[in-house]
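In what follows, chains are A, B, ... by sequence order, proteins preceding strands, each numbered from 1. Keep in mind that what you see is a predicted model, and the values were worked out from it rather than measured.
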Protein chains: 2
Amino acid sequence: MLTRIGTVSEPTPGLSGEQLGAYFSLMEVSSFLQYAVEDQLRADGDLSYVQFQILARLVDAPDGRLRMTDLADGLVYSRSGLTYQAGLLDKRGLITRSPSPDDERSVIVSVTGAGRDVIALVMPGHVAGVRRLLFDAMADSDLAALGGVLGRVRDHMRAVPPRSAKPRAKRTRGN
Amino acid sequence: MLTRIGTVSEPTPGLSGEQLGAYFSLMEVSSFLQYAVEDQLRADGDLSYVQFQILARLVDAPDGRLRMTDLADGLVYSRSGLTYQAGLLDKRGLITRSPSPDDERSVIVSVTGAGRDVIALVMPGHVAGVRRLLFDAMADSDLAALGGVLGRVRDHMRAVPPRSAKPRAKRTRGN
DNA sequence: TATTGTTATACTCTATAACTATA
DNA sequence: TATAGTTATAGAGTATAACAATA
């Protein structure tokens, strides 16, 4: 697939066949998985994946409350995107939003009972789908290996500066 | 995150902590990677990821030609989506489309020289990005393990019937 | 001035259904 | 009748920039 370029000096070394295969597998597996998961969430709970993640994070949070900024972190690449998705959840009564007493600029998002119900409704199918597609094909040793490598890669990605490293600006990934 | 539900009889067994961690890592890694890749392709060649894949497949194909149906397979979940993206590439002169002589219903897509140029332009940055984000964090043993597991998972996913298995219809994923 | 969040807007992409044409 | 592909259309999601309010 033309991943080796350059002639003599190899300015940018290509990817090995093994790397290429792993990369392609990763892309195919993840896009397939994501498609299936989104399909299930939409069918069972009329939730987008972002909405699901918002609710899931809230359910896990103490008192079921988080600030918009906390929710945005890692979930979304623009603040307005989060506002949009939160607006939909709010409209459906699955979350509420209210100004924070501590910092009047902040908005505290809370899951409602209805929100918890939807997550509870959706979760069995979600888990079942992930198991069926992902884990049914894995031995125990596979699971351990996959978790290990991907955990390291995830940490690395979180640490690596973005490609177009903004000269001076904290670049929180979400602005 | 509420992945264990049911009380006594465990109707749907949850995911183990290890499975959950691997699943989350996979989703985070892949979404981050995909975002970065799309960003690079857009910046360097004004290509969407689907467009990139179309061109890449064509460049790899004998004579740089494939039928629309061949391109659709695995790439896209609706035929019209492919027509749309191919239309954009056509408009830019990166591909051409012409009726197949063998089967007048089919359309043969061919990469143009300009199309090959764009791929050549974009590829170094693409490869560099994948290496930087994905492989720089991996030991050789990691690579082997990852490739192995994901290859098996990919094969499994290709074989597993879709969730809402259509009672009778070949369900080629793309219609 | 920097941060938090919303809004308006424009744009990209996707999917469904209806349709044409060929096998 | 089934297959290959396009088109029309509608909807979902995203990002940028301008904005208001608070720190």
Side-chain angles (χ1 to χ4, degrees), chain A residues 31 34-35 38-39 41-43 46-54 66-73 75-92 95-109 162 164 166 168-175, chain B residues 31 34-36 38-39 41-43 46-54 65-73 75-92 95-109 162 164 166 168-175:
Chain A
S31 87
Q34 197 176 348
Y35 187 89
E38 284 178 354
D39 194 46
L41 292 174
R42 184 65 70 188
D46 196 29
L47 294 176
S48 71
Y49 188 60
V50 173
Q51 288 167 25
F52 170 72
Q53 288 180 94
I54 292 172
L66 288 171
R67 293 179 311 151
M68 287 291 280
T69 294
D70 302 327
L71 282 172
D73 183 51
L75 243 188
V76 120
Y77 291 90
S78 73
R79 289 187 175 297
S80 65
L82 178 62
T83 296
Y84 171 75
Q85 295 287 351
L88 295 179
L89 291 175
D90 198 339
K91 210 178 302 178
R92 285 178 63 185
I95 63 171
T96 60
R97 285 177 290 179
S98 54
S100 163
D102 311 352
D103 184 336
E104 286 285 328
R105 294 171 305 182
S106 294
V107 167
I108 300 286
V109 182
S164 307
K166 293 277 170 52
R168 287 237 173 236
K170 250 175 306 174
R171 188 59 187 166
T172 319
R173 200 178 310 149
N175 44 348
Chain B
S31 87
Q34 196 175 350
Y35 187 88
E38 285 178 353
D39 194 46
L41 293 173
R42 184 65 69 187
D46 196 29
L47 294 176
S48 71
Y49 188 60
V50 173
Q51 288 168 26
F52 170 73
Q53 289 180 93
I54 292 172
R65 350 172 105 247
L66 288 171
R67 294 178 309 150
M68 287 290 280
T69 295
D70 300 328
L71 282 172
D73 183 49
L75 242 188
V76 119
Y77 291 90
S78 72
R79 290 189 175 295
S80 65
L82 178 62
T83 297
Y84 171 76
Q85 295 287 350
L88 295 178
L89 291 174
D90 198 338
K91 211 178 305 178
R92 285 178 63 186
I95 64 171
T96 60
R97 285 176 290 177
S98 55
S100 164
D102 309 353
D103 183 337
E104 288 282 330
R105 294 171 303 180
S106 292
V107 167
I108 300 285
V109 182
S164 307
K166 295 278 170 56
R168 285 240 174 233
K170 249 179 303 174
R171 187 61 185 166
T172 320
R173 200 179 309 149
N175 45 348

>> Counting neighbours of CZ on B:R65 that are heavy atoms of other residues, nucleotides or ligands and sit closer than 6.0 Å, is the number greater than 12?
In response: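 Not buried by this count: 12 neighbours or fewer within 6.0 Å.
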Please report the interatomic distance [atom1]([X]) to [atom2]([Y]), rounded to the nearest 0.5 Å.
X	Y	atom1	atom2	result
B:M68	B:S106	CE	OG	10.5 Å
A:F52	A:L41	CZ	CG	5.5 Å
B:D70	B:L82	CG	CG	10.5 Å
B:D39	B:Y49	CG	OH	14.5 Å

In whole angstrom, what separates [X]'s [atom1] from [N]'s [atom2]?
X	N	atom1	atom2	result
B:L75	C:dT14	CG	P	10 Å
B:Q34	D:dG13	CD	C1'	14 Å
A:E38	D:dA12	CD	P	14 Å
A:R42	C:dT14	CZ	C1'	12 Å
B:L88	D:dT7	CG	C1'	14 Å
A:D73	C:dT3	CG	P	15 Å
B:R92	C:dT12	CZ	P	12 Å
B:L66	D:dA4	CG	P	15 Å

> Which residue, A:S106 or A:Y84, contacts DNA chain C at a nucleotide closer to its 5' end, judged by nearest heavy atom?
Replying inline: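 In this pair, the answer is A:S106.
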> Between B:S48 and B:Q85, do the side chains contain an N or O donor and an N or O acceptor separated by less than 3.5 Å?
Replying inline: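 Yes.
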> With respect to the phosphate group of D:dT6, does any side-chain polar atom (N or O) of B:R79 fall under 4.0 Å of OP1 or OP2?
Replying inline: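 Indeed not, no polar side-chain atom of B:R79 lies that close.
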> Tell me, do B:T96 and B:V109 make a side-chain contact under 4.5 Å, heavy atoms counted?
Replying inline: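 Contact flag for B:T96/B:V109 side chains = no.
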>> Using a 4.0 Å heavy-atom cut-off, does B:T83 contact any base of the nucleic acid, only the sugar-phosphate backbone, or nothing at all?
In response: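 Counting heavy atoms under 4.0 Å across all strands, the contact made by B:T83 includes a base.
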> A:S48 near the nucleic acid: base, sugar-phosphate alone, or nothing, with a heavy-atom cut-off under 4.0 Å?
Replying inline: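 Counting heavy atoms under 4.0 Å across all strands, the contact made by A:S48 is with sugar-phosphate only.
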Close N or O pairs between protein and nucleotides 20-23 of chain C (under 3.5 Å):
| from | atom 1 | to | atom 2 | distance (Å) |
| --- | --- | --- | --- | --- |
| C:dA23 | OP1 | B:E104 | N | 3.1 |
| C:dA23 | O4' | B:R105 | NE | 3.4 |
| C:dA23 | O4' | B:R105 | NH1 | 3.4 |

> Of A:L47 and B:R67, whose closest DNA chain D nucleotide lies nearer the 5' terminus?
Replying inline: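 Nearest nucleotide further toward 5': that of B:R67.
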> Given C:dC13, D:dA15, C:dA15, which nucleotide is nearest the side-chain atoms of B:Q85?
Replying inline: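 Between C:dC13, D:dA15, C:dA15, the one nearest the side chain of B:Q85 would be C:dC13.
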> Do A:S80 and D:dA15 share a donor-acceptor pair, side chain to base, under 3.5 Å?
Replying inline: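 Checked by distance alone, the answer is yes.
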>> Any donor-acceptor pair, under 3.5 Å, between the side chain of B:S78 and the base of C:dT16, if you only look at N and O atoms?
In response: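 Per atom types, no contact qualifies.
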